[in-house]
S.K.: 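Shown below is the structure under consideration.
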Amino acid sequence: MKMNTVGIVTPINKDEMKKLLEETKETLATDHLDKNNETKFAVVNMWKIRKTALVTSSMRRRSF
């Protein structure tokens, strides 16, 4: 019978841990955003979310 086990997680040395935890500076490319094509959340969007949730929940109840 096999008594040896192999762990899923391999240990990380200090240098690799330091690289993973290093903070990087990132910037957003705001120059490339199209201001005219910006979508806004409206009442219609809320109505659609509510409608799909009601339909989905009623379909779940009927499937049993």
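All heavy atoms count here, side chains included; hydrogens, waters and symmetry mates do not.
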S.K.: If you round to the nearest 0.5 Å, how far is CZ of Arg50 from CG of Asn45?
M.R.: 15.5 Å
S.K.: Side-chain heavy atoms under 4.5 angstrom apart, residues restricted to Ile, Leu, Val, Met, Phe, Trp, Tyr: same cluster for Leu21 and Ile12?
M.R.: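 They do share one cluster, since a chain of ILVMFWY contacts under 4.5 Å joins Leu21 to Ile12.
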S.K.: Between Ile49 and Thr52, what is the shortest heavy-atom contact and its length?
M.R.: O-OG1, 2.9 Å
